[in-house]
Amino acid sequence: MGGAPGSGTSIRIRGGNSISANNEPLYVIDGFIGGGDLNSINPSDIESIEILKDATATSIYGSRGANGVIMITTKKGKEGRSKIGVNFYQGFQALPKKLPFMDGYERAEFANAYAEFTGGPTPFPDMGKVQNTDWQDAITRVAPVTNIDLSISGGTKDFLHFISANYYNQEGIYKSSGFTRYQTRINLDKKLYDWLKIGINVNASSLHTDNPKVDFYNGSRLALTCIPVYDENGEYTYKSPINSELFNNPVAMNNLLQTDTYAKRFLANFYVEINPIKNLVIRSTVGGDFHSQKTERYEPGILPNRAENKKGGLARLDNRDYFSILNENTISYTFDINEIHNFTAMGGFTIQKESASSNYTKVEGFSNDIMKYNKLSAGDPSTATYDSDATENQMLSYLGRVNYSLMNKYLLTLVARYDGSSRLAMNHKWAFFPSAALAWRLGEEQFIKDLDIFYNLKLRTSYGLIGNQAINTYQSLASLNVVTPTLGGNKYTGYLLGNIANPDLKWETTSQFDIGLEAAFFNGRLSFEFDYYYKETKDLLMNVEIPWTSGYRTQLQNIGKVGNKGFDLMVNAGIIEQKDFGLDLNFNISRNRNKVLDIGDADYIDVQKGVRLYKDKPAGVFVGAVYEGTWKSQAEIDANPNYMPGARPGTARFVDVNENGKYDGVGDYAILGNAEADFFGGLGANARYKQFNLELFFQGSYGNDILNPASNYFFFGDFGSNLFRFDGKPWSESYPNSNVLAPGAFPYNINVNNLNYSPSVQDGSYLKFKTLKFGYTLPVKDISWMNKCNIYVIFNNLFTWTNYKWGYDPDVTGNHAVARGVDDMAYPQNRSFQIGFNVEF
């Protein structure tokens, strides 16, 4: 979700199931459900990460597992003498590439040609005075990153402990941005009696994010390369010489604006495990997750735009608190019959309650910048705006699972879960979600053993139902919105209709079928795992337009259906395994085909600008007008007088998709592409020679498209925007066959602000050299007080091979559940270098 320090992650497991609800997977951290803010977790504390995909594996988590489950298990103490670990690295980050904007001289030339084409005044009569500013250089830097981990672990057979602390500081590649984390973890396990065991996992963190000051989308558009950072008086520039419009000087924003987010998180999970008789386990856990977050923002009155408009300073404070408490209670029993039939049965119930509250206050008109946001009453009270909000939701679930094994060859798993959610309508809060899985260990059959080929061979399949209720609270209920209109100079408080009640709002339900094959050869040195899956989600939770006569515009309803099918293939190979030399390879490739199966009576649904839903198409296709070049001559225009009225030679020509003899803007939209890749995957290698080791990882995607809405401005030649360098000469009487618009052709027959066009969609395929790690392990066997010492260097994002040129990185996500592959020019990913050491005493 962008490369800003402290930014979150966005993951899709086997495609997106939902349109309006959440498509993110469920995160389970040491058994606590929903602990998804990974910024507060120290990566060095993680012991393992497991991704659950198929229906039987995820259904034990019920509705929350509809989009897959990512299980994170942190390190535990191990029996033996206590060990002290130290991990330190220092690194540097930089912008991996720069966008190909015209330089200042080229942009000024374009502005003059624009004025000549449109008959306006020449903005740069003396080209010798034109300046050149590389704003990308002006607002970015080579930024350091520092990490220090300390840990102590060990214990006896009755008491295990793992305690760690972490300091992490990352300065952003955008100046005046960064992220700092202070974190500590305590994991304790205590065996009180042979039949009683208790434990606790605690993670506490304090986070500070120095938020980016520059909106790069607008900054890169409006801070023209022909504008200097400072004027002749040494003041920040803030007016465009082309159209005299105000723009936010990015350097001024970085130097003067202040915006910080402070967050604290406390995540704890306590368990009690009782073994009253052999093979019977009773386990109960109680956990809590508390977040507290405050964002402070101050725009000083000396910011050029605020000073020009005499607005004074602006202060805003945002506060948010979140608390979740989870109680899980299970009982399981394992037994066998004649050592042929083996059973494990588990049952239990869980209850989770979440509550959140937030408030903000914003005031303008500060006469000086001394108090900032520390004294809001110093602002103009007539400008004050404020609001608050509070929500609460609960989930209660009953669950059961039976595992059966016959002769350790034939395996059966049955899972059932009965979920109740307060988010849904009164008569539809509860739903039942069963699943089943079968597996056959073919490798245990004598006729397979006789082949003497397979080290392991297993065939498995599963089918199940999983629900999704990941919508905002109170969506099934009627609501009112508060408004504060001003009438006759007086401000009043009133109410407008908000949500319309929907007593029939129920769960989205995903049915999933999976069939897989696992095979290993050469004593396990070569292994394959292949899965084919098909998922279908019905009763989609979508906002649907309803007649305005109802008093509302939309209502959240269950309507529509989405399908996903595809395969995953993983290969692991131990190529060489010798005393002094080893080589391992791992490879994975996946393919997912998404299709909207039903959207009700609508012909299409607009998700956001340039992104639509069509039946029988992938969810979130890119649409727009198809650019076919320039009008080459007046004779060509005269031969098509009604096609695009007002056209001139050198202006844009678009395809008449609906074939009515003229260009109709939205009426001539065509499907331009979609974000779904034909396949994607990665390749890793791990080589060792004596004390040296080398790790490589490549990541790639093929066949996907990227939509970059900003490129409409950069390509078509907006009067007030920066522009990309053109591939070829623009149209002119000297180049009448050029398909590059003439400077000034922009305003005649296109409206970049409201429409989307085919040049904004590009091939997003890429191959990325993601990671290179080189390490050396010092020989410490003769040092009694040291267990190991490893020195390493890591390079990240070394190279990216791609045809995508509109943005910094082709690995983009988008900010909507189905609008994937939209490059909103967020904070770019960085290229980094780190050097460090890992020591254990």
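- One finds no salt bridge joining E47 and K75 here, because no Lys/Arg side-chain nitrogen approaches an Asp/Glu carboxylate oxygen to under 4.0 Å.
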### Message
For a side-chain hydrogen bond (donor to acceptor under 3.5 Å, both in side chains) check, start with the C-alpha distance between Q834 and N147, then their side-chain angles and the critical distance, and finish with the verdict.
### Response
CA-CA 10 Å; Q834 299 167 5; N147 182 84; over 6 Å; no

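- Between K76 and F162, the shortest heavy-atom distance links the atoms C-CB, 3.9 Å.
- Checked against R185 for a side-chain contact (heavy atoms from CB on, under 4.5 Å), the options N166, I41, I163 give a single hit: I41.
- Pairing each heavy atom of Y533 with each of F567, the nearest pair is CE2-N, 3.7 Å.
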### Message
side chain to side chain contact (heavy atoms under 4.5 Å, CB included) for Q293 and L207? Distances and angles first, verdict last.
### Response
CA-CA 9 Å; Q293 179 176 296; L207 315 175; over 6 Å; no

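- Put simply, the side chain of Q93 gets close to the backbone of E171: a donor and an acceptor are under 3.5 Å apart.
- No donor-acceptor distance shorter than 3.5 angstrom exists from the side chain of N790 to the backbone of N838, with no hydrogens or angles considered.
- Between G516 and L459 the shortest heavy-atom distance is O-CD1, 3.4 Å.
- Atoms CG and CG, on L798 and N796 in that order, are 7.5 Å from each other to the nearest 0.5 Å.
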### Query
Are K770 and N797 close enough, and set up right, to give a side chain to side chain contact (heavy atoms under 4.5 Å, CB included), and what steps lead you there?
CA-CA 5 Å; K770 188 74 173 178; N797 285 337; 3.5 Å; yes

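- Annotation: side chain of D149 is not in contact with side chain of Y89 (no heavy-atom distance under 4.5 Å).
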### Query
Taking it one step at a time, do S324 and Q352 satisfy side-chain hydrogen bond (donor to acceptor under 3.5 Å, both in side chains)?
CA-CA 7 Å; S324 173; Q352 188 165 15; 2.8 Å; yes

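- Looking only at atom types and distance, the side chain of T777 has no donor-acceptor partner in the side chain of Q691 under 3.5 Å away.
- When every heavy atom of S284 is checked against every heavy atom of N327, the shortest pair comes out as OG-ND2, 3.7 Å.
- A side-chain donor-acceptor contact under 3.5 Å links T184 to the backbone of S164.
- Residues Y455 and R525 have side chains not in contact (no heavy-atom distance under 4.5 Å, counting atoms from C-beta outward).
- Around CZ of F841, the count of heavy atoms belonging to other residues, nucleotides or ligands within 6.0 Å exceeds 12.
- In terms of modelled atom types and a separation under 3.5 Å, the side chain of N42 and the main chain of S44 share a donor-acceptor contact.
- The aromatic rings of F290 and F323 lie tilted to each other, with the angle between the two planes from 30° to 60°.
- Salt bridge absent: R688 and D584 never bring a charged side-chain N and a carboxylate O closer than 4.0 Å.
- Residue N269 comes nearest to D30 through the heavy atom pair ND2-O, 3.0 Å, listed as atom of the first residue, atom of the second, then distance.
- Note that the CE atom of M786 and the CD1 atom of I84 stand 11.5 Å from one another [nearest 0.5 Å].
- The shortest distance between side-chain heavy atoms of F179 and Y168 falls below 4.5 Å.
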### Query
Would N187 and T74 satisfy side-chain hydrogen bond (donor to acceptor under 3.5 Å, both in side chains), going step by step from the backbone distance to the final call?
CA-CA 8 Å; N187 290 348; T74 59; 2.9 Å; yes

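- With hydrogens and angles ignored, the 3.5 Å screen pairs no side-chain donor or acceptor of S153 with any backbone N or O of H161.
- Residues F159 and L188 meet the side-chain proximity criterion, which asks for heavy atoms closer than 4.5 Å.
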### Task
Evaluate the ring-ring contact (aromatic ring centres under 6.0 Å, His included) criterion for residues Y776 and F692: first the C-alpha distance (whole Å), next the side-chain angles of each, then the deciding distance (0.1 Å), finally the verdict.
CA-CA 5 Å; Y776 175 72; F692 296 93; 4.7 Å; yes

### Query
When you look at F837 and Y792, which way does the ring-ring contact (aromatic ring centres under 6.0 Å, His included) test go after all the steps?
CA-CA 6 Å; F837 62 83; Y792 59 86; 8.2 Å; no

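- Residues K197 and Y271 form a side-chain contact, since some pair of their non-hydrogen atoms from C-beta on lies under 4.5 Å apart.
- Here the closest non-hydrogen pair linking L414 and A436 is CD2-CB, 3.6 Å.
- Using modelled atom types, no side-chain atom of Q512 and backbone atom of Y463 make a donor-acceptor pair closer than 3.5 Å.
- Considering only heavy atoms from C-beta on, T350 comes within 4.5 Å of R417 through its side chain.
- Of the inter-residue distances, the one linking D419 atom CG with F433 atom CZ reads 6.0 Å to the nearest 0.5 angstrom.
- Looking at heavy atoms from C-beta onward, L399 lies out of side-chain contact with R401 at the 4.5 angstrom threshold.
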### Stepwise ring-ring contact (aromatic ring centres under 6.0 Å, His included) check, F530 with F528
CA-CA 7 Å; F530 178 84; F528 299 84; over 10 Å; no

### Task
For N408 and N342, run side chain to side chain contact (heavy atoms under 4.5 Å, CB included): C-alpha distance rounded to whole Å, both residues' side-chain angles, the deciding distance at 0.1 Å, then the answer.
CA-CA 8 Å; N408 200 33; N342 183 271; over 6 Å; no

